[in-house]
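The block underneath contains the structure these notes are about, expressed in structure tokens.
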Amino acid sequence: MRLHTTTWGSGDRIVLLVHGIMADHRTWRRVGPALAARGYRVIAVDLRGHGASARAAGPEAYRPEDHADDLVETLPAGAELALGHSLGGLALLGAVERLAPARAVYSDPAWHLGDGPDGYRPEFFVRGKLLSRGLVKGFNPRWSDEDLDIEMESVRVWDERSAYGLVDVRGVDMWPARPAVPSLVTLADPSLRVSADDALMLEGRGFTLRTVAGAGHTIHRDDFDGFMSALDGWI
């Protein structure tokens, strides 16, 4: 599937941005322009079922490999940097060898979805369509009003069937054996996606890890300055 894209900046130095579940390119509203101001051409996708991209036929077409294939179909190979958040980090992991960026950043990536009663539950995300703005603010007290407005609209247009496309990978070991390219993992504090033991494992496998103190899962919205500082040396 060819995905909808949004671009900031121009030139040959390219950064690719891949959002997480329920979001779309608008989650990068501050990151994209900030990177463009540093001389990059920034390309952000809307994953299938999100934003302005097309919807898949059913939940079975929202697997991680479908998202990865879409990235390869849509984005240019050989970018200076590719950055994926949460589900976007999982999709990027499946595409990174084919996209072959010089470097990659995975922001609180969803590389392991737990099984059992406390594991990944798609209905939890589906219920997100019913949350009021006040509840979303309660879950994300550090978000700006503009980010809250964007979140409400992104969730409204999101195809909730995509949440069920991840059911078959619950409990599956999707941890990368090694970084395909030099790779940074930025973590929330604490991260619900990457435990302390998981972080040590990833460091042992060759990943660089940086934690943004006090930030929640969507680091770039919780603490934009902290997120950008964590990219020092990578951009």
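Taking all atoms of both residues into account, the shortest heavy-atom contact from Leu131 to Met152 is O-CE, 3.4 Å.
Counting non-hydrogen atoms of neighbouring residues, nucleotides and ligands closer than 6.0 angstrom, the CG atom of Asp12 reaches no more than 12 such neighbours. Crowding of Glu153 atom CD: a count of heavy atoms from other residues, nucleotides or ligands under 6.0 Å exceeding 12. Counting non-hydrogen atoms of neighbouring residues, nucleotides and ligands closer than 6.0 angstrom, the CG atom of Asp149 exceeds 12 such neighbours.
The backbone N or O of Leu200 sits nowhere less than 3.5 Å from a side-chain atom of Arg205 that would complete a donor-acceptor pair. No donor-acceptor distance shorter than 3.5 angstrom exists from the side chain of Arg170 to the backbone of Gly114, with no hydrogens or angles considered. Formation of a donor-acceptor pair under 3.5 Å by the Tyr120 side chain with backbone atoms of Ala163 is found in this model. A donor-acceptor pair under 3.5 Å is absent between the side-chain atoms of Asp223 and the main chain of Ala215, judged by distance alone. Although no hydrogens or angles enter the test, the distance criterion places no donor-acceptor pair under 3.5 Å between the side chain of Lys129 and the main chain of Glu160. Using a distance-only test at 3.5 Å, with no hydrogens or angles considered, no donor-acceptor pair links the side chain of Trp8 to the main chain of Tyr40. At least one donor-acceptor pair closer than 3.5 Å links the side chain of Thr74 to the backbone N or O of Leu3. Using a distance-only test at 3.5 Å, with no hydrogens or angles considered, a donor-acceptor pair links the side chain of Lys137 to the main chain of Trp143. Under the 3.5 Å distance criterion, the side-chain polar atoms of Thr27 are left unmatched by any main-chain donor or acceptor of Ala23.
Judged as a side-chain hydrogen bond (donor to acceptor under 3.5 Å, both in side chains), the pairs with a partner in residues 171-190 (not counting sequence neighbours) are, in order, Ser107-Thr186.
Between Leu90 and Pro109 the shortest side-chain heavy-atom distance does not fall below 4.5 Å. Side-chain contact between Pro122 and Arg127 is absent, with no heavy atoms from C-beta onward closer than 4.5 Å.
Between Arg193 and Asp108, none of the side-chain N atoms (NZ, or NE/NH1/NH2) sits under 4.0 Å from a carboxylate O, so this pair counts as no salt bridge. Salt-bridge annotation for Arg26 and Glu151: absent, with no side-chain N of the basic residue lying under 4.0 Å from a carboxylate O of the acidic one. Ionic pairing of Asp147 and Arg30 is not present here: no N-O contact between side-chain nitrogen and carboxylate oxygen is shorter than 4.0 angstrom.
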Worksheet item: Would Leu47 and Asp70 count as a side-chain contact (heavy atoms from CB on, under 4.5 Å) if you check the C-alpha gap in whole Å, the side-chain angles of each, and the deciding distance to 0.1 Å?
Response: CA-CA 8 Å; Leu47 293 172; Asp70 291 345; 6.0 Å; no
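Taking the centre of each ring, His50 and His25 stay at or above the 6.0 Å mark. The aromatic ring centres of Tyr164 and Phe125 sit 6.0 Å or more apart. Between His220 and Trp28, the ring center distance clears the sub-6.0 Å criterion.
Atom OH of Tyr106 sits about 14.5 Å away from atom NE2 of His85, to the nearest 0.5 Å.
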